[in-house]
Amino acid sequence: MNTMENRELARLLRETADLMEIAGADSFRIRSYRRAADAVETYSQPLRTMAAEPKKLLELPGIGKGIAAHLMEMLETGRFSEREKLLESHHPAMLQLLQIQGLGPKTIAAIWAKHHVATVDEVEALARAGQLRELPRMGEKAEQKILKAITAWRAMSGRFLLSEARRTAGEALARLRAVAEVEQAAAAGSLRRGRETVGDLDLLVSGRRLQGAALAAAMEHFLGLPGIVEIYGRGETKLSVRLHAGLQIDVRWLPPESFGAGLQYFTGSQAHNIALRGRALKAGYRLNEYGLSRLEGSEAPAAGGRSSSRSGGKAAPPAGLLPAAAEAEAAEEKIYRSLGLAWIAPELREDAGEIEAAAAGRLPRLVSEADIRGDLHMHTVASDGRATIEEMADAALARGYEYIAITDHSASLAMVQGLDERRMLQQLKRIRAADASYRQGRRPPGGGPERPLRILAGIEVDILADGRLDLADDVLAQLDLVIGSIHSRFDQPPAAVTERLLRAIEHPALHLLGHPTGRLLLRREPLALDFETILSACLQHGVMLEINSAPDRLDLHDRHARRCREAGVRVAINTDAHHPHHLGLLPYGLAMARRGWLEPGNVLNTLPADELMQALNARRK
DNA sequence: GCCGTTTTCGGCCCGACTGTTTTCAGTCG
C-alpha cells in the first residue's frame, strides 16, 4: 500500500514543473503542473484513498487526464517517470539553485550548458572565479548579486518556516497522542516561542504508565510517522529523526513529575534559561529540566515535583502558538512563581527584559486571538484570491469577526490580473453592495444567530520605484483602506527601498504599510531598512504597519514590532487571505506580535468597527 | 496540460524593474 501523502504528491509535481522550466518547456504546460500541485495539496482527502477510482481525480480542478495518469503512477508505483526522465538530462541540484534569488531557469540552463555545473557550491566557485560573467547578459554586478544571494540562502537553509514546522509538529504530536499511555505531549523549543523560523522540533512526552516496554512501543509507533528518512539516535528516553524535507525532530520522554520543568527547560530560549537559572541560584535553588530544587542545606522541593493537578478546571492560560496542555503550563507557572515571577508567555522568553518585567508585575497583557475583531487584508477572485467577496465574508462570520476589508491587488501586479482604475471602481460597487447586505445581519454558515458584518473596501496597492502608488488618487480617495506594498525589486539597496517607502508614506491615501521591512521568505535576506526613519514618518503621517500572517512571509520583525509599541505606531495583524481557510492562519502573525510585546491597544484590528473607521478616517484630515 | 465550448482547438501570463545592452532578456511577483 502506498503511503504517499498529498503534500508529497504536490511536491513531486512542483519539482517536475521546475525541471520543465529549466528544460525550456511550454510555460502553459508548466503552469498546469503547478496548478495541479496546488489542487492536490489543498484537497481535503488523501488522494491515495481515491487510487481505486481514478476517475474521481478528474473532479479536482486543474487535474485532467494527463496529470491524473501521473498521479496514478505515483500512487501505484511510488515513481514518477516523467520526472525521472527529466532528471536524466538535468541535475537534481538545479532545484536548489532555483532557490537562489536572481538565479532563474534560463541562467541555470546556461550555466549547465557552458560549465556542466549545477550545485550551489560549484556555482559559487564559478562566480568567485569571475566565470559567470562570461555568460551572455551577465556582468560583474550580476555575479556579485548572486554571490550575495548564495550567502543569504545559506543563512536560511536548514531552518524552516514556522508554518511548515507547526504543521509537521501537529502531525507528529497527533501520532504520539494516539498512544494510550501518553498522557502529555507538547512541542517546546523555538516553535513554542513562535520564532519565524524553526531549526528543529523538540517534542516532549510523558505518562505515568509510559515506561519500559510501553515507552519502547510508543517510540516504535512514532517511527511510523510518514516522511522519516533517517534515525539519528535512539536511546531509552530520546529519539532523533530527520524528515524528508530535512527537518529534525527530537522526541524526549520525561517523568510525569518533571513535565512542567522539562517544558520550561526545552522551550528556552537559552538566554532566558541562563538568566532564570541565575535568578534561581540567587534565591537558593537549582533549576534544571527535572525541576526546581533547593540547594543543599534546605529540603522540600519547591516546584516541579509532582504536577499533581488533575484539576481539569481550565485556568485559561494566555493562548500560545501551540495549545500545550493547560496542566503543563500550570506546572511551569509553579516554577516561575517559586522564583517570584509571573508566568511568562513563551513568545517573550528571550531575556529581553521579560524577567525583570515579570518580577515587577509589569508584563504586557499580550494581544491574543480572542482580541482580534476582523481581518483587514484579503484577496478575492478579482485578483489572485480563490473565493468571492461573499465567501470570504461568510468565513469571517464563522470566525466571529465584526468586519473585514477586501483588498485585492492593483494593476501593476499583472500576473494576477491586478485591478486598474476601471476594474477597481467595479469592485468597489460589489463591495458596497455586499456590505449593505451583510451589515444588516447574516447567519454564520455553521449556524448560530444572525450577526452584522462590516465589509470595508480596500486595495493592496503597489508602491512603485519612485514612491508613487499605482492607482489614481481620485480612486484611492473613495476607499476605506489602502495598503501599500512593494511587489517588485526587493533586491534594490536598502536605502533605495527606504526612500521608496518614505515617499509612499507621505501619500494622503495610504493607511497601512505592507511588507514594511522586507519579506522574510526562505529565499530572501531580510532587508535592513532604516526602520527608525520609517517609523517616525509613519507617526508623523498617521500611517500604520502591517504584520502579515501569510505562512510564507513574516514581514515585520519582533524587534520592529516592539519599536512600534514604543513609538506609538499601531499595527494591523492580517492574514493576507487568498482562501477562506487562510483566515485561520492568524497565529503566525500573532506570535510575532506577541514576541514584540504588543498589547490589544497597539493593534488596529482589535478596535470595534466604529473606532476602526475613525482611526482610518483620521488619516484623511 | 487544462479548460470550455461560440465543444476537439485556441486561450491561458503580464508589468515593473535591472543589468545588460543600444533594444531587450531574464527574474520576480
Using a 4.0 Å cut-off on heavy atoms, which residues in residues 63-71 of chain A reach DNA chain B? List them by number, or say none. Ile63(A), Gly64(A), Lys65(A), Gly66(A), Ile67(A)

Which parts of residues 110-138 of chain A get close to DNA chain B, meaning a heavy atom less than 4.0 angstrom away? Arg137(A), Met138(A)

For [X], check side chain to side chain contact (heavy atoms under 4.5 Å, CB included) against everything at least two apart and list the hits.
{"X": "Glu506(A)", "result": "His541(A)"}
{"X": "Ala398(A)", "result": "Pro445(A)"}
{"X": "Arg399(A)", "result": "Glu369(A), Tyr401(A), Leu583(A), Leu586(A)"}

Comparing Leu464(A) with Leu413(A), nearest DNA chain B nucleotide closer to 5' gives the residue Leu464(A)

Judged by each residue's nearest nucleotide on DNA chain B, which is more toward the 5′ side, Leu60(A) or Ala414(A)? Leu60(A)

Could you list the residues that satisfy ring pair (Phe, Tyr, Trp, His ring centres under 6.0 Å) with [X], not counting sequence neighbours?
{"X": "Phe80(A)", "result": "His70(A)"}
{"X": "His115(A)", "result": "none"}
{"X": "His560(A)", "result": "Phe531(A), His557(A)"}
{"X": "His578(A)", "result": "His379(A)"}

Considering the options Arg454(A), Lys429(A), Arg430(A), which one meets the salt bridge (Lys or Arg N to Asp or Glu O under 4.0 Å) requirement together with Asp435(A)? Arg454(A)

Touch check for [X], heavy atoms < 4.0 angstrom, all strands: base, sugar-phosphate only, or nothing?
{"X": "Gln144(A)", "answer": "nothing"}
{"X": "Glu82(A)", "answer": "sugar-phosphate"}
{"X": "Ile30(A)", "answer": "nothing"}

Can Glu41(A) and Arg11(A) be counted as an ion pair, charged N to O under 4.0 angstrom? no

Could I get the full list of side chain to side chain donor-acceptor pair (under 3.5 Å) partners for Tyr43(A), not counting sequence neighbours? none

Paired with dC12(B) by Watson-Crick or G-U wobble geometry, both distances under 3.5 Å: which nucleotide is it? dG1(B)

Rounded to the Å, how far apart are Phe28(A) CZ and dG4(B) C1'? 16 Å

Nearest-angstrom distance, [atom1] atom, [N] to [M]:
{"N": "dG15(B)", "M": "dT20(B)", "atom1": "P", "result": "25 Å"}
{"N": "dT6(B)", "M": "dG1(B)", "atom1": "C1'", "result": "23 Å"}
{"N": "dC12(B)", "M": "dT5(B)", "atom1": "C1'", "result": "15 Å"}

Presence of donor-acceptor pair under 3.5 Å, side chain of Arg31(A) and base of dC13(B): yes

List, one per line, each side-chain donor-acceptor pair under 3.5 Å for residues 133-141 of chain A, sequence neighbours excluded.
residue   : atom : partner   : partner atom : Å
Arg133(A) : NE   : Glu143(A) : OE1          : 3.0
Arg133(A) : NH2  : Glu143(A) : OE1          : 2.8

Atom pairs, N/O to N/O, protein against nucleotides 5-7 of chain B, distance under 3.5 Å?
none

